[in-house]
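Positions are given from 1 along the sequence. Numbering of ligands and ligand atoms starts at 1, following listing order. All values reported here derive from a predicted model rather than from experimental measurement.
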Amino acid sequence: MSEEFTNNKGIKFEPNVSKAVIDTAIDGIIVIDAGGRIQMINPSITNLFGYDEEELIGEKINMLMPNPDRERHDQYIKNYRETGERKIIGIGREVVAQKKDGTTFPILLAISEANFGGQKYFAGILHDLSELKEIRKELKQSEMRMLHLSENLPVGAVYRIEDQLYLNRKIQQIIGYSDEEINSLQAWFKALMGTHWEEYYEMYLQDRLRNFDQVRTYRVNTKSGGIRWVDFAGYRDGKGEVWILHDVTQKVNIESELITLNEQLEKRVKEKTLALKENVIALEEANKKLVKREEELEQSLSMERELNELKSRFVSTASHEFRTPLSSILSSVELIEMYSKEEQEEKRNKHINRIRKSVKTLTDILNDFLSLGKIEEGKVTPTIAEVNFNESIESLKEEIQHLGTSDQKVIFRLNKVDIRMLTDKKILHTILTNLLGNALKYSEEDVYCEVVKGDDHTAIKIIDRGIGIPKKDQKHLFSKFFRAENAEAIEGTGLGLSIVKKYIDILNGEISFESKEGEGTKFKLTIPDSHEENSHY
Ligand code: ADP
């Protein structure tokens, strides 16, 4: 008959249930007293240790331990009782147990302490670890097999189990260190990566997190102080990993040699290019000089040609223009000789006047040549002063009267009674004589000269109803010696207008014309009042 128990929640249960649980537990259970004597065991204990129950009850617990624990166990309990310092109680630990036949086996031992009826008892639960140990051993063996395999690999291999490193022969050859010298992760990085090893270590840890998804090339310092380059590839497996290390020093060296060679080549090419460039520049310089010389030569040649042309044009114009007045002078002189009588004075005077007129024509032509020469040499400087235009008209009329026919007149139209200009009087005079002279010479009717004085300039128009200027000749009108086609029968040198143009420029003025062949010509001038005393051309 079994007694009934009530638990703290008021539920009744059979006390034999506890016993049944203890009896059938896989783990061994032992209860000892304060003196270390076995008080109770469950059947698992007899199975584990090979003793019968009778052989154990009342015996000392240390009979189940191998040395040194066996001898020291009494001391252990004593220590605990005196100091209360727990080494195993309530903690649980892996220890070694000994069977009846003397063989030992690993157990996980958990001890609890209990007081009952004023007595201290200790209860131990033992879990057999033999099988687990066996598995671990097998694992270790497979690791070792793996190491052994990698030992003879033709590439460097490092096997890492937790912090422990195992180096194969090849990697030891590469780095010159033995696996005793480098047996931990830190030792590896410290020995091989130089002063910055911590950065490489950090990088390795990062790579490890990413399951070594890329191959890295490391520069490693060998034990003998040399340098090697290795390609590093890692493979993870649980707590361990394998590194495969390829010595690529030769490849890297060849590459860097190639780079150096390439750089040298590039440098030489650059130097050569530079030298070439300098040569090209020098050549270009020389060429430029040559071209310039050529141009100068060409220029002086064309100047010479132009001069020659001018000379010949001058000679032909001069001989043509000089012939008429000279022959007229000659014939007049001959006639004067014939009119030697006193009553022939009138006839003599007529010829003397003809001579005078011819000489004047010759002088005019020569003056034209001279003034053009002077202007072209830049020797003409205007003398600015107030010019009374009304006074100028008189001398102009006198100057040009012989150029037209006796019934031709110049009709002046002025917008003011008294026009005063600030310009060079002589130059203005030459310009107007030329233009008015032409207007008379190339027409048979009266000529108009309109003068409009503005605030700071004078606008002058010279209008005739003469032969006009053919369209095709108009663009050449201001060139030296140029004469229009329809003017050939009329005396002239082709110098007047080119002189006018140059003088207008000296006065900072403008000149233009409109003309129609057979209808007439209109020249327009604008001459500014110059406020500079002496403006230089
Ligand atoms: P020149 O009168 O001595 O020939 P210019 O240089 O004064 O030389 O004139 C150049 C040419 O311009 C003249 O030969 C003539 O063909 C043309 N020309 C100038 N003025 C007039 C004008 N008022 N009417 C028609 N033709 C003119």
A.B. asks: Say whether T493, considering both its backbone and side-chain N or O atoms, lies within less than 3.5 Å of an N or O atom on ligand 1.
C.D. replies: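 Checking ligand 1 against T493, an N or O pair does fall under 3.5 Å apart.
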A.B. asks: Could you walk me through whether I175 and I182 pass side-chain contact (heavy atoms from CB on, under 4.5 Å), step by step?
C.D. replies: CA-CA 10 Å; I175 61 179; I182 295 181; 4.0 Å; yes
A.B. asks: Just to be sure I read this right, does ligand 1 sit under 4.0 Å from the backbone of D464, its side chain, both, or neither, counting only heavy atoms?
C.D. replies: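 The side chain, only.
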A.B. asks: Where is the nearest protein heavy atom to atom 13 (C) of ligand 1: which residue, which atom, and how far?
C.D. replies: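 Answer for atom 13 (C) of ligand 1: Y442 OH, 3.3 Å.
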A.B. asks: With side-chain contact (heavy atoms from CB on, under 4.5 Å) as the test, would you mind laying out the steps for Q474 and S515 before giving the verdict?
C.D. replies: CA-CA 8 Å; Q474 289 187 3; S515 181; 3.8 Å; yes
A.B. asks: Less than 6.0 angstrom separating the ring centers of Y448 and F412, yes or no?
C.D. replies: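 Y448 vs F412: aromatic centres not under 6.0 Å.
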A.B. asks: Tell me the protein heavy atom at minimum distance from atom 4 (O) of ligand 1, and give that distance in Å.
C.D. replies: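 Answer, as residue, atom name and distance: R483 NE, 2.5 Å.
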A.B. asks: For ligand 1, find out whether one of its N or O atoms is nearer than 3.5 Å to an N or O atom of F523.
C.D. replies: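 No, no N or O pair falls under 3.5 Å.
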A.B. asks: Start with the C-alpha gap between T217 and V248, add the side-chain angles, then the distance that decides, and say whether side-chain contact (heavy atoms from CB on, under 4.5 Å) holds.
C.D. replies: CA-CA 8 Å; T217 305; V248 289; 4.2 Å; yes
A.B. asks: Give a yes or no on whether the backbone of L167 and the side-chain of Q172 come within a donor-acceptor separation of less than 3.5 Å.
C.D. replies: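 At least one qualifying donor-acceptor pair exists.
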A.B. asks: Output the list of atoms in ligand 1 that are nearer than 4.0 Å to some heavy atom of L495, sorted by atom number.
C.D. replies: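 That gives atoms 6 (O), 8 (O) of ligand 1.
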A.B. asks: Which ligand 1 atoms are under 4.0 Å away from a heavy-atom of F482?
C.D. replies: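 Numbered from 1, ligand 1 contributes 10 (C), 11 (C).
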A.B. asks: Considering only heavy atoms of I469, which atoms of ligand 1 have at least one such atom less than 4.0 Å away?
C.D. replies: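 What qualifies from ligand 1 is 25 (C), 26 (N), 27 (C).
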A.B. asks: Quick one: look up the protein heavy atom nearest atom 17 (C) of ligand 1 and list residue, atom name and how far away it is.
C.D. replies: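 Result: L477 CD1, 4.0 Å.
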A.B. asks: Can a side-chain donor-acceptor contact be found between S184 and D163 if the only test is distance below 3.5 angstrom?
C.D. replies: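 Not at all, the side chains of D163 and S184 share no donor-acceptor pair under 3.5 Å.
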A.B. asks: Could you tell me the separation between the OH atom of Y218 and the CZ atom of R216, rounded to the nearest 0.5 Å?
C.D. replies: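 So the gap between those two atoms works out to 5.5 Å.
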A.B. asks: Is it true that N434 lies under 4.0 Å from ligand 1, counting heavy atoms only?
C.D. replies: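 Contact absent.
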A.B. asks: Considering both backbone and side-chain atoms of N438, is one of its nitrogen or oxygen atoms within less than 3.5 Å of a nitrogen or oxygen in ligand 1?
C.D. replies: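 Yes; at least one N/O pair falls below 3.5 Å.
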A.B. asks: Report, in ascending order of atom number, the atoms of ligand 1 lying under 4.0 Å from any heavy atom of A487.
C.D. replies: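 Within the 4.0 Å cut-off of A487, ligand 1 contributes 14 (O), 15 (C), 16 (O).
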A.B. asks: Which ligand 1 atoms, with their elements, are less than 4.0 angstrom from a heavy-atom of A484?
C.D. replies: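 Those qualifying, in numeric order: 14 (O), 16 (O).
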A.B. asks: As a test of understanding, state which of Y204, Y159, Y235 forms a side-chain contact (heavy atoms from CB on, under 4.5 Å) with W243.
C.D. replies: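 With W243 as partner, side-chain contact (heavy atoms from CB on, under 4.5 Å) holds for just one option, Y204.
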A.B. asks: Are any side-chain N or O atoms of K441 and backbone N or O atoms of E491, one a donor and one an acceptor, separated by less than 3.5 Å?
C.D. replies: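 It does hold such a pair.
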A.B. asks: Would you mind listing which atoms of ligand 1 come within a distance below 4.0 Å of any non-hydrogen atom of G492?
C.D. replies: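 Atoms satisfying the 4.0 Å criterion: 1 (P), 3 (O), 4 (O).
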A.B. asks: Would you compute the distance between atom CG of L432 and atom CD1 of I460 and round it to the nearest 0.5 angstrom?
C.D. replies: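 Separation between the atoms: 5.0 Å.
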A.B. asks: Identify, for atom 6 (O) of ligand 1, the protein heavy atom at the shortest distance, and state residue, atom and that distance.
C.D. replies: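 Answer, as residue, atom name and distance: L497 N, 2.7 Å.
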A.B. asks: Using a 4.0 Å cut-off to any heavy atom of K441, which atoms of ligand 1 qualify?
C.D. replies: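 This gives 1 (P), 2 (O), 3 (O) as the contact atoms.
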A.B. asks: Do any N/O atoms on E491 end up under 3.5 angstrom from N/O atoms on ligand 1?
C.D. replies: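 No; every N/O pair is 3.5 Å or more apart.
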A.B. asks: Check whether any N or O atom of N486, backbone or side chain, sits under 3.5 Å from an N or O atom of ligand 1, and answer yes or no.
C.D. replies: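 It does not: no N or O of N486 is found under 3.5 Å from an N or O of ligand 1.
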A.B. asks: Consider only side-chain N and O atoms of S358 and S328, and report whether a donor and an acceptor are under 3.5 Å apart.
C.D. replies: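 The answer is yes; a qualifying pair exists.
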A.B. asks: Taking the ring of F513 and the ring of F523, is the distance between their centroids below 6.0 Å?
C.D. replies: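 Ring centroids of F523 and F513 are less than 6.0 Å from each other.
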A.B. asks: Between G494 and ligand 1, does any nitrogen or oxygen pair lie at a separation below 3.5 Å?
C.D. replies: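 Yes, at least one N or O pair falls under 3.5 Å.
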